[in-house]
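Please read the structure below before turning to the comments.
Residue numbers start from 1 in every chain, and the chains themselves are labelled A, B, ... in the order their sequence lines are given, proteins ahead of strands.
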Amino acid sequence: MSENIKRIYKPKAISGFPEWLPEERLVEQKWFDHIRRVFESYGFCSIETPSVEEIDVLLAKGEVDKEIYALERLHKDEHDKGESRLALHFDQTVPLARYVAQHFNELTFPFKRYQMQRVWRGERPQMGRMREFYQCDIDVIHVDNLPISFDAEVAAIMYEVLEGLNIGRAQLRINNRKILTGLLETMNIRDITPVTRAVDKLEKIGDFLVIAELRQAGLNEAQSQKVLNLAQQKGTAADIKRISCENATMTQGAEELVYVLDHLAHLPAHGVIADLSIVRGLDYYTGTVYETKLLDVPEFTGSVCSGGRYDDLAGSYINKHLPGVGISLGFSRLFDVIRQTRPELMGIGPKGPAEILMVIPDENKRALASETARTLRRRGFKVEMYHAAQKIKKQLEYASKKLIPFVWFPPFEDGKPHEVKNMSTGEQITSTPETWKA
RNA sequence: GCGACCGUAGCUCAGCUGGUAGAGCACUCGGUUGUGGUCCGAGUUGUCGCGGGUUCAAGCCCCGUCGGUCGCCCCA
């Protein structure tokens with residue numbers, strides 16, 4: 001204590017690694033609970049995989065352009081030469097593929113699982129884009145053949161999730177990649193990735209620039225126009241049926257898309273739309289693809305919930321044919337976007353879970369206050385004790401600040417009744433801990 | 001990874017053409033005895049991101065650096 005220079009390490013947020021205040025966290029937990037409930041109501045089971053995978057596993061799909069955080073010990077010994085072997089996963093699809101391959105014999109197919117974990121991407125943060133964030137994934141994996149009806153089911157599940165979060169209207173935009181790949185087949189175009197990336201930007205950059213990008217990708221004038229015309233198609237199942245298909249792949253894609261739309265007919269009209277410009281940059285999708293827009297948050301144009309069907313998920317890890325379909329809800333993105341743009345929708349309130357604050361009238365009544373709290377807890381109430389026998393004013397101030405809805409006064413003198421104060425109305429009644437009801 | 005802009009109290013910010021820092025909110029205490037949210041009074045809070053340069057003098061000007069925000073890329 002001879003040093004009177006106290007060094008303060010100034011706390012700062014690490015950009016892209018969000019953390020919330022207790023009142024925000026409470027809402028976040030509510031959202032997680034809701035999502036879990038919906039997923040489970042469709043029979044999906046929960047799994048959790050480690051935060052890290054072997055780098056080779058993460059890169060097996062060839063996603064080299066992903067910004068991956070590698071894991072390294074500060075005190076490496078001589079045996080750990082060079083490269084680190086482990087890295088944080090950047091999504092939950094790759095870990096799922098590894099998991100399914102590894103536990104293949106112990107799983108029952110179709111394997112329907114949900115997973116709500118953090119993922120990490122080393123990108124530059126922006127609104128709705130973080131370096132550490134939660135994703136809530138549902139996927140269905142089957143052996144050899146996965147019914148197309150699952151493509152509709154996972155979409156319906158996510159719609160139900162979004163609908164229950166009170167975030168305004170959400171819109172699923174659905175496409176089937178086979179329509180575009182079929183068209184590209186007729187043009188003998190092999191490298192489809194630059195084309196899909198260009199098409200995917202249609203809404204953002206407009207017809208003219210899409211054409212420019214397509215030309216750059218090697219398509220000629222007529223081909224570019226044709227691809228653009230296709231990408232501009234959007235609407236209902238009836239609209240998709242009118243598209244003229246030039247080969248079997250296109251026809252199959254259109255039929256699958258119509259099937260999926262037909263099986264989502266129970267959703268409100270604004271909730272689902274076919275949009276042929278949605279093709280997704282990721283190259284492992286082979287059929288249905290999804291994106292989700294927040295219709296009532298026009299200032300955020302990104303997708304909060306995306307996914308699709310992949311013909312062969314785990315081919316890099318096991319010699320089986322395992323088709324799958326899944327959607328990933330960008331939980332932290334959604335939460336943060338709503339928090340920043342529509343805070344009133346989040347219902348931010350109490351700074352803790354307590355329903356009742358137990359006042360301690362004076363030191364002699366501490367045991368009585370404790371006992372009263374225990375009785376109420378046994379009856380299912382969340383009760384927080386005030387621990388210092390301070391002025392009642394202080395104790396009420398505390399309850400008020402934390403937005404605890406009720407304050408309980410044990411009798412100040414023996415023989416007197418308990419009293420309960422409703423903090424929002426100010427009303428105070430006599431009651432007993434054994435019978436009180438909110 | 002590339003480009004634009006921005007770094008002053010815990011937070012939001014003010015600080016004129018350079019003269020060694022201020023407001024609101026928050027926080028603490030008080031306005032007597034067992035009752036909050038309003039009001040009133042008092043008080044605490046800063047290496048002005050960091051390093052260098054110009055100057056008698058730098059929060060302000062110059063260079064560098066780190067951090068942040070937004071856009072691009074990519075994506076949840």
Remember a base hit wins even if backbone is also touched, and classify [X] as base, sugar-phosphate or nothing at under 4.0 Å, heavy atoms.
X: A/K402; result: nothing
X: A/T93; result: nothing
X: A/G426; result: base
X: A/F409; result: base
X: A/G128; result: base
X: A/M127; result: sugar-phosphate
X: A/K421; result: base

Inset, instruction - Verify whether one side chain among A/Q171 and A/R173 offers a donor that lies under 3.5 Å from an acceptor in the other. - result: yes
Please give the distance between the [atom1] atoms of [N] and [M] as a whole number of Å.
N: B/C61; M: B/U17; atom1: C1'; answer: 12 Å
N: B/G7; M: B/C13; atom1: P; answer: 10 Å
N: B/C25; M: B/U35; atom1: C1'; answer: 26 Å
N: B/A21; M: B/C16; atom1: C1'; answer: 15 Å
N: B/C74; M: B/C2; atom1: C1'; answer: 13 Å
N: B/A9; M: B/G18; atom1: P; answer: 23 Å
N: B/G10; M: B/G30; atom1: C1'; answer: 23 Å
N: B/G53; M: B/G71; atom1: P; answer: 38 Å

Legend entry - Cationic N near anionic O, under 4.0 Å, A/E185 to A/K178: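 Looking at A/E185 and A/K178, the cut-off is not met.
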Legend entry - A/E203/A/K293 ion pair, N-O < 4.0 Å: yes
Interatomic distance where [atom1] belongs to [X] and [atom2] belongs to [N] [whole Å]:
X: A/Q135; N: B/C75; atom1: CD; atom2: P; value: 13 Å
X: A/W120; N: B/A76; atom1: CH2; atom2: P; value: 17 Å
X: A/L403; N: B/G36; atom1: CG; atom2: C1'; value: 11 Å
X: A/M158; N: B/A76; atom1: CE; atom2: C1'; value: 10 Å
X: A/R129; N: B/C74; atom1: CZ; atom2: P; value: 11 Å
X: A/Q390; N: B/U28; atom1: CD; atom2: P; value: 10 Å
X: A/E19; N: B/G10; atom1: CD; atom2: C1'; value: 14 Å
X: A/R280; N: B/C75; atom1: CZ; atom2: C1'; value: 7 Å

Quiz question: going by heavy-atom distance under 3.5 Å, is there a donor-acceptor pair between the base of [N] and the side chain of [X]?
X: A/R197; N: B/C74; answer: no
X: A/R124; N: B/C73; answer: no
X: A/K393; N: B/U35; answer: no
X: A/Q428; N: B/U35; answer: yes
X: A/R121; N: B/A76; answer: yes

Legend entry - Option among A/K351, A/R377, A/K402 that satisfies the salt bridge (charged side-chain N to carboxylate O under 4.0 Å, His left out) test with A/E384: A/K402
Classify the ring geometry between [X] and [Y] as parallel (under 30°), tilted (30 to 60°) or perpendicular (over 60°).
X: A/Y159; Y: A/H270; value: tilted
X: A/H103; Y: A/Y99; value: tilted
X: A/W436; Y: A/F406; value: perpendicular
X: A/Y134; Y: A/F331; value: perpendicular

Inset, instruction - Please figure out whether A/R131 or A/E291 has its closest RNA chain B nucleotide nearer the 5' end. - result: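 Its nucleotide being nearer the 5' end, the pick is A/R131.
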Legend entry - RNA chain B: 5'-proximal contact among A/P125 and A/I205 (nearest heavy atom): A/P125
Inset, instruction - Determine, answering yes or no, if A/Y398 is stacked on B/G36 under the 5.5 Å centre rule and the 30° plane rule. - result: no
Legend entry - Stacking check A/F331 vs B/A76 (5.5 Å / 30 deg):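 No, A/F331 does not stack on the base of B/A76, since the centre distance and plane angle fail the 5.5 Å and 30° test.
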Inset, instruction - State, with a plain yes or no, whether a side-chain heavy atom of A/E160 is found less than 4.5 Å away from one of A/Y42. - result: yes
Counting only side-chain nitrogens and oxygens, does [X] get under 4.0 Å of the OP1 or OP2 atom of [N]?
X: A/K204; N: B/C72; value: yes
X: A/K201; N: B/C74; value: yes
X: A/S15; N: B/U69; value: yes

Closest listed nucleotide, where the reference is the side chain of [X] and the choices are [options]:
X: A/Q126; options: B/U35, B/C74, B/G71; answer: B/G71
X: A/E397; options: B/A76, B/C74, B/G36; answer: B/G36
X: A/S400; options: B/G36, B/G68, B/G34; answer: B/G36

Inset, instruction - Taking A/R98 for its side chain and A/E54 for its backbone only, find out whether a donor-acceptor pair lies under 3.5 Å. - result: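 Here the side-chain-to-backbone pair does not exist.
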Legend entry - A/I360 backbone acceptor or donor facing A/R366 side chain under 3.5 Å: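 Judged by distance alone, no pair lies under 3.5 Å.
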Legend entry - Strand RNA chain B in bracket notation, Watson-Crick/G-U under 3.5 Å with | for pairs to another chain: (((((((..((((........)))).(((((.......))))).....(((((.......))))))))))))....
